[in-house]
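What follows is a short report on a single structure.
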Amino acid sequence: MAKFYDKITNRVQQFIEAQKLFFIATTAKEGRINLSPKGMDTFRVLNENTVAWLSVTGSGNETSAHLLADNRITIMFCAFEGAPNILRLYGKAEEILPTHNKWENYVKLFPKLPGTRQIFIVSVESVQTSCGMSIPFYEYQGERNQLNNWATEKGEEGIKQYWNDRNQTSIDGLKSGFDS
């Protein structure tokens, strides 16, 4: 049975901090819904109604474009080990770019990762837990290093060129707020 909360409780925060994987969902009013898996050490609970997610360079920049059009976001965590649980955070997000005056306040909360692109600050409006009893068990074996290796090999200028070439619009042609 699903339960709703108006804030991130200590128990919910502990569950979030134990997860190695989470999913981000966004959409504009028209076009595709984007749902992306995320990993690495890129998620922080800032307080009972605010979380932050560090975004590293990816094949696209759908989240940025979608949030400019409609700043709604859903973040989902699933328990793949231990007690069954699915957790969703519903809210509104703000994109913080490296040129933003708030950047230094947030980037220091995360490890330094090659290809760091932006940080999303989410004002959590609702928290939902549900059973997750149909979710299979999976064993965490470690992080993949390919993305970090790729970004390191590209170098700072190569990453900026990639952002310019691949991160300016969504797959539906919406402009992202990202300016390399």
Side-chain angles (χ1 to χ4, degrees), residues 1-56 58 60-96 100 102 105-111 113 116-144 147 170-172 174 176-177:
M1 212 45 153
K3 294 181 183 175
F4 284 90
Y5 305 92
D6 61 357
K7 65 182 181 179
I8 298 170
T9 64
N10 287 335
R11 185 172 165 217
V12 166
Q13 182 172 346
Q14 289 171 1
F15 174 74
I16 289 170
E17 291 171 351
Q19 305 315 303
K20 305 290 188 207
L21 171 71
F22 59 100
F23 301 85
I24 301 287
T26 58
T27 188
K29 300 254 188 262
E30 300 290 327
R32 296 172 179 95
I33 297 168
N34 188 59
L35 175 62
S36 294
K38 303 297 176 185
M40 299 192 280
D41 185 17
T42 59
F43 196 87
R44 297 289 182 272
V45 175
L46 303 182
N47 62 48
E48 63 187 20
N49 287 103
T50 311
V51 298
W53 157 52
L54 176 76
S55 175
V56 295
N61 200 3
E62 300 303 297
T63 303
S64 177
H66 286 173
L67 292 175
L68 279 177
D70 185 343
N71 68 342
R72 295 174 305 143
I73 190 168
T74 300
I75 304 167
M76 185 180 79
F77 297 86
C78 297
F80 293 108
E81 53 191 22
N85 190 22
I86 298 172
L87 172 74
R88 291 178 184 89
L89 304 175
Y90 300 98
K92 301 209 181 313
E94 171 191 9
E95 178 182 40
I96 306 294
H100 196 284
K102 294 181 187 177
N105 295 336
Y106 292 112
V107 75
K108 66 184 178 187
L109 302 174
F110 299 96
L113 295 173
T116 292
R117 183 172 55 187
Q118 69 247 96
I119 299 169
F120 293 98
I121 306 302
V122 180
S123 297
V124 176
E125 298 171 339
S126 181
V127 177
Q128 179 200 27
T129 60
S130 57
C131 70
M133 288 188 247
S134 68
I135 304 302
F137 287 108
Y138 282 98
E139 184 178 330
Y140 175 74
Q141 296 182 3
E143 296 291 329
R144 296 178 193 236
L147 183 60
S170 74
I171 56 178
D172 292 320
L174 298 170
S176 75

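Quick caveat, the model's predicted, so the values are computed rather than measured. Residue numbers run from 1 in the order of the sequence given.
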Check: If every non-hydrogen atom of Phe137 is compared with every non-hydrogen atom of Glu81, which pair is closest and at what distance?
Finding: CD2-CA, 3.8 Å
Checklist line | Heavy-atom closest pair, residues Ile119 and Ala52 | finding: CG2-CB, 4.3 Å
Notebook entry, point to check: Between CD1 of Ile73 and CD of Glu94, what distance do you get to the nearest 0.5 Å?
Noted result: 12.0 Å
Item checked: Check: Leu87 and Val12 side chains under 4.5 Å, non-hydrogen atoms -> yes
Notebook entry, point to check: For the side chain of Asn49 and the backbone of Val124, is there at least one donor-acceptor N/O pair under 3.5 Å apart?
Noted result: yes
Check: Distance from Thr27 atom OG1 to Ile33 atom CD1, nearest 0.5 Å?
Finding: 5.0 Å
Next item on the list: Give the minimum heavy-atom separation between Arg88 and Ser130, together with the two atoms involved.
Entry: NH1-OG, 3.7 Å
Next item on the list: Measure the CD1-CD1 distance between Ile24 and Ile75 for me, rounded to the nearest 0.5 Å.
Entry: 4.0 Å
Note to self: In the structure I gave you, are the side-chain heavy atoms of Ile96 and Asn105 within less than 4.5 Å of one another anywhere?
What the structure shows: no
Checklist line | Nearest-0.5 Å distance, CD of residue Glu95 to CD1 of residue Ile121 | finding: 11.0 Å
Notebook entry, point to check: Which atom pair, heavy atoms only, marks the closest approach of Ala79 to Ile135?
Noted result: O-CG2, 3.6 Å
Item checked: Shortest non-hydrogen separation from Phe77 to Leu21 and the atoms involved -> CD2-O, 3.8 Å
Notebook entry, point to check: Where is the tightest heavy-atom contact between Gly60 and Arg117, given as atom of each residue plus distance?
Noted result: O-NH1, 2.9 Å
Notebook entry, point to check: Can you tell me if CD on Glu30 sees more than 12 non-hydrogen neighbours from other groups inside 6.0 Å?
Noted result: no
Notebook entry, point to check: Hey, does the side chain of Ser55 reach the backbone of Gln118 with a donor-acceptor pair shorter than 3.5 angstrom?
Noted result: no
Item checked: More than 12 heavy atoms of other groups within 6.0 Å of Tyr140 OH -> yes
Check: Yes or no on side-chain contact (heavy atoms from CB on, under 4.5 Å) for Leu68 and Leu174, after CA distance, side-chain angles and deciding distance?
Finding: CA-CA 9 Å; Leu68 279 177; Leu174 298 170; over 6 Å; no
Notebook entry, point to check: Relative to each other, are the rings of Trp53 and Phe22 parallel, tilted or perpendicular (30° and 60° limits)?
Noted result: perpendicular
Item checked: Chi angles and distances behind the salt bridge (Lys or Arg N to Asp or Glu O under 4.0 Å) call for Arg32, Glu62 -> CA-CA 10 Å; Arg32 296 172 179 95; Glu62 300 303 297; over 6 Å; no
Next item on the list: Mind checking the CZ-NZ spacing from Arg72 to Lys92? Nearest 0.5 Å is all I need.
Entry: 7.0 Å
Notebook entry, point to check: Are any of the side-chain heavy atoms of Thr42 and Leu113 separated by less than 4.5 Å?
Noted result: yes
Check: Is the closest side-chain heavy-atom distance between Leu89 and Val122 below 4.5 Å?
Finding: no
Note to self: Test of understanding: with ring-ring contact (aromatic ring centres under 6.0 Å, His included), list the residues that count as partners of Phe4, not counting sequence neighbours.
What the structure shows: none
Margin query: To the closest 0.5 Å, what do you measure between CG (Asp6) and CD (Glu125)?
Written below: 11.5 Å
Next item on the list: Kindly say whether Asn47 contributes a backbone atom to a donor-acceptor pair with the side chain of Thr50 at under 3.5 angstrom?
Entry: no
Note to self: Just checking Arg44: does its CZ atom have more than 12 heavy atoms from other residues, nucleotides or ligands closer to it than 6.0 angstrom?
What the structure shows: yes
Notebook entry, point to check: Mind checking whether Asp41 and Phe110 have side chains closer than 4.5 Å, heavy atoms only?
Noted result: no
